[in-house]
Amino acid sequence: QVQLVESGGGLVQAGDSLRLTCDASGRARVEHYALGWFRQAPGQEREFVAAVSWSGSNTYYADSVKGRFTLSREKARNTVHLQMNSLKPEDTAVYYCAAGVQPRPDWRRYDDWGQGTQVTVSS
């Protein structure tokens, strides 16, 4: 089991940047697990944002955020960062960090989830 805590959300204006952080604990770094980011806006389905492999070398992005968001993993601290640039109002959602075996876009493939952090982007 992995405990996940997201942080870094907030209220910003369109075009601004935020950096989300996911801190994972309860699992050794030597174990192979992926960390992914998902988001969910009110009335919307859960949406894949980005994911990184256990090594931190392989990253995957949804088309909607590609080129604007950058995901990195710090293996030594079991921490991942999601740098979000050029934020748009449609990025407004609760952002969740999740741990799973593979960095897949399907949320059902992840085993452990954080509580989420709110990101609100005003026009």
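Atoms considered below: every heavy atom in the structure, side chains included; atoms not considered: hydrogens, waters and symmetry mates.
Contact record, L35 with Y33: CD2-CE1, 3.8 Å, taken as the closest heavy-atom pair. What you find for T59 and V52 is that their closest heavy atoms are CG2-CG2, 3.8 Å. The shortest heavy-atom contact between E47 and S64 is OE2-OG, 3.4 Å. Here the closest heavy-atom approach between residue A51 and residue Y110 is recorded as CB-OH, 3.6 Å. Nearest heavy-atom pair across M84 and V119 is CE-CG2, 3.9 Å. Scanning all heavy atoms of the two residues, the minimum distance from V12 to S17 falls at CG1-O, 4.4 Å.
When atom types are taken as modelled, the side chain of Q115 and the backbone of E6 share no donor-acceptor pair closer than 3.5 angstrom. With hydrogens and angles ignored, the 3.5 Å screen pairs no side-chain donor or acceptor of Y60 with any backbone N or O of G36. Within the 3.5 Å criterion, the main-chain N or O of S122 finds no donor-acceptor partner in the side chain of Q13. At least one donor-acceptor pair closer than 3.5 Å links the side chain of T92 to the backbone N or O of V121.
Residue F48 forms a side-chain contact (heavy atoms from CB on, under 4.5 Å) with just one option from F38, W107, W37, and that option is F38.
Residues satisfying the side-chain hydrogen bond (donor to acceptor under 3.5 Å, both in side chains) criterion with S7, sequence neighbours excluded, are absent altogether. When the salt bridge (Lys or Arg N to Asp or Glu O under 4.0 Å) test is applied to K66, the partners found at least two apart in sequence or on another chain are D63.
Taking CG of D16 as the start and OG of S86 as the end, the distance is 9.5 Å to the nearest 0.5 Å. Within the model, atoms CG of D23 and OG1 of T79 stand 4.0 Å from one another, a figure rounded to the nearest 0.5 Å.
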Residues 95-105 side chain polar contacts: donor-acceptor under 3.5 Å, at least two apart:
residue : atom : partner : partner atom : Å
Y95     : OH   : R39     : NH1          : 2.8
Y95     : OH   : D91     : O            : 2.7

**OP:** Could you walk me through whether F69 and L87 pass the side-chain contact (heavy atoms from CB on, under 4.5 Å) test, one step at a time?
**Re:** CA-CA 9 Å; F69 292 7; L87 284 165; 3.9 Å; yes
